[in-house]
Every structure is written in structure tokens, then in C-alpha cells.
Amino acid sequence: MSGAFISGIKTHFVNSNITVDRFHVVQLFSKAVDEVRRKEAKEVRMPRAARWATLKAAESDLTEKQLDALAELEAMDLHTAEAWRIC
């Protein structure tokens with residue numbers, strides 16, 4: 001899904017459609033959420049389990065500490081919580 005990849009597809013396979021698989025979409029979202037968390041962590045003290053909690057999907061098995069960290073992020077009204085909700 002890099003610019004070079006998409007450009008190559010458009011050049012060499014003019015009549016093709018680009019299909020993006022779920023794995024790569026989830027990977028991009030996860031990286032984006034982690035980037036938001038890292039930037040925000042430089043300005044605000046994050047809950048201890050925030051890193052691993054935000055890297056997991058909401059429907060996965062989150063530990064009590066991770067659930068508490070997510071609740072604390074929500075209460076702090078941080079961009080990290082919003083990014084995680086979108087993901």
C-alpha cells in the first residue's frame with residue numbers, strides 16, 4: 001500500500017482494481033493509534049497499561065489493568081482514547 005506500490009499497479013496494470021486486505025488496514029490503524037499515544041505520552045503521564053491496552057482490539061481479552069487504563073484514558077479526555085475508539 002505504499003505510494004510506490006500503488007504507482008506501479010496503476011502503471012503496469014491499468015485496468016486493475018486495488019484491493020486492500022483487513023490485516024494491512026488493521027496494521028495501519030494500530031500504528032496510527034500508537035503514534036498518537038507516543039506523542040501524547042510526552043506531554044501527559046499515561047496510565048501504566050495504556051500502551052498494551054491501546055494496541056489490542058476492543059473485542060480481545062483485555063486484562064483488568066488494561067480495562068482500567070482505557071477507562072482512565074477516557075476520563076482524561078485524551079486523543080489516544082479517541083483514536084483507540086475509532087480503531
Side-chain angles (χ1 to χ4, degrees):
M1 291 189 322
S2 69
F5 177 79
I6 292 171
S7 175
I9 293 295
K10 288 180 180 178
T11 301
H12 298 289
F13 301 100
V14 181
N15 296 322
S16 67
N17 292 323
I18 296 176
T19 303
V20 181
D21 64 289
R22 185 183 184 324
F23 171 81
H24 286 98
V25 171
V26 170
Q27 182 183 41
L28 288 173
F29 271 106
S30 295
K31 285 182 181 180
V33 171
D34 196 45
E35 185 177 322
V36 170
R37 184 197 58 78
R38 286 174 188 255
K39 286 181 182 178
E40 211 162 39
K42 290 179 182 178
E43 301 168 8
V44 179
R45 188 172 184 277
M46 295 276 186
R48 268 181 81 67
R51 178 179 181 207
W52 297 111
T54 57
L55 290 175
K56 286 186 169 183
E59 61 275 358
S60 65
D61 293 329
L62 295 166
T63 66
E64 277 300 315
K65 286 183 182 180
Q66 291 167 343
L67 289 170
D68 291 343
L70 289 172
E72 193 173 338
L73 287 175
E74 292 280 346
M76 295 169 74
D77 196 33
L78 297 176
H79 294 293
T80 302
E82 185 177 355
W84 184 79
R85 278 193 314 267
I86 292 169
C87 190

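Computed from a predicted structure; not experimentally measured.
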| request: Determine, stepwise, if the pair E82 / V36 fulfils side-chain contact (heavy atoms from CB on, under 4.5 Å). | output: CA-CA 10 Å; E82 185 177 355; V36 170; over 6 Å; no
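- Hydrophobic clustering of Ile, Leu, Val, Met, Phe, Trp and Tyr side chains at less than 4.5 Å, counting indirect connections, unites V25 with I86.
- Counting all heavy atoms, side chain and backbone alike, A50 lies closest to L73 at CB-CD1, 4.1 Å.
- By the criterion of side-chain heavy atoms lying less than 4.5 angstrom apart, applied directly or through intervening Ile, Leu, Val, Met, Phe, Trp or Tyr residues, F13 is grouped together with F5 in one hydrophobic cluster.
- Of all heavy-atom pairs spanning S16 and I9, the tightest one is OG-CG2, 3.5 Å.
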| task | With side-chain contact (heavy atoms from CB on, under 4.5 Å) as the test, would you mind laying out the steps for K65 and R48 before giving the verdict? | result | CA-CA 8 Å; K65 286 183 182 180; R48 268 181 81 67; over 6 Å; no
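- The distance from the OG atom of S7 to the NE2 atom of H12 is 8.0 Å, given to the nearest 0.5 Å.
- In this structure, R37 pairs ionically with D34, as a charged nitrogen and a carboxylate oxygen lie closer than 4.0 Å.
- A continuous path of ILVMFWY side-chain contacts below 4.5 Å connects M46 to L67, so both sit in one hydrophobic cluster.
- Atom CD in E72 sits 9.0 Å away from atom CG in L78 (nearest 0.5 Å).
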| said: Working note: L62 + W52, criterion side-chain contact (heavy atoms from CB on, under 4.5 Å); need CA distance, chi angles, decisive distance, verdict. | reply: CA-CA 9 Å; L62 295 166; W52 297 111; over 6 Å; no
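- In this structure, T54 OG1 and R38 CZ are separated by 10.0 Å, a value rounded to the nearest 0.5 Å.
- Across all non-hydrogen atoms, the minimal contact from A69 to A49 is CB-C, 3.7 Å.
- Shown here for H79 and E40, the closest heavy-atom pair between the two residues is N-OE2, 2.8 Å.
- Between E74 and R85 the shortest side-chain heavy-atom distance falls below 4.5 Å.
- Of all the heavy atoms in V44 and M76, the pair that sits closest is CG1-CE, 3.4 Å.
- For K31 and E35, the salt-bridge test fails: no basic side-chain N is under 4.0 Å from an acidic carboxylate O.
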